[in-house]
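Data first, discussion second: the structure below is written as structure tokens.
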Amino acid sequence: MKFLITMNMPSAQGYLVHQVTIEHRAKSCLEFCEMLNTDVFIVGRQLYRKRSLNMEPIWQDRGEIVLNTAHIGKVAEFVEFDKEDDDESYGHTDNRRQHTPGTRPPIRPRGTVF
């Protein structure tokens, strides 16, 4: 099963958190939760989502990854949303670009006090 995991640790781009998509043997979020509460580390296959030349989503297998469960903040089943029915409830509109250039700045820049 594919899971989207939000890690409570800085990303290489300087964000406060980063996300990892993995394929894991767990059959449900509940089963995965039980493993996260039992094990200090988990192993899965890291996947990168890319677009093919015809703009179809494809998955690139980046090999096994070991994650420390103490740094996992949130887990969700990865669900692919297709634009088949043009339902805009997911924020899909025809005038949006596929990819925005550059990276988003950190939510709270370092040194900022709130």
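We're numbering straight along the sequence, starting at 1. Values reported hereafter were calculated over all heavy atoms of this structure, with side chains retained and with hydrogens, waters and symmetry mates removed.
- With rounding to the nearest 0.5 angstrom, the OG1 atom of T6 is 12.5 Å from the CG atom of L16.
- At a threshold of 4.5 Å between non-hydrogen side-chain atoms, the residues R25 and M35 count as touching.
- Considering only heavy atoms from C-beta on, H18 comes within 4.5 Å of M9 through its side chain.
- You'll find the side chain of R45 reaches within 4.5 Å of the side chain of E64, heavy atoms only.
- Scanning for side chain to side chain donor-acceptor pair (under 3.5 Å) contacts around R62 gives an empty result, with sequence neighbours left out.
- Taking CG of L67 as the reference point, atom CD1 of I22 lies at 5.5 Å (rounded to 0.5 Å).
- For N37, there are no side chain to side chain donor-acceptor pair (under 3.5 Å) partners at least two apart in sequence or on another chain.
- The shortest non-hydrogen separation linking A76 to C29 is C-SG, 4.5 Å.
- Sorted by first and then second residue, the pairs that involve residues 32-77 and meet ring-ring contact (aromatic ring centres under 6.0 Å, His included), not counting sequence neighbours, are F3-F32, H24-F32, W59-F78.
- Distance check, rounded to the nearest 0.5 Å: CD1 of I5 to CG of L36 gives 7.0 Å.
- L47 and M1 fall into different hydrophobic clusters, where Ile, Leu, Val, Met, Phe, Trp and Tyr side chains are chained together by heavy-atom contacts under 4.5 Å.
- Pairing each heavy atom of R49 with each of P57, the nearest pair is NH2-CB, 3.5 Å.
- We find the NZ-CG distance between K74 and N8 to be 10.0 Å, quoted to the nearest 0.5 Å.
- A distance of 8.5 Å separates OG1 in T69 from CE in M7, rounded to the nearest 0.5 Å.
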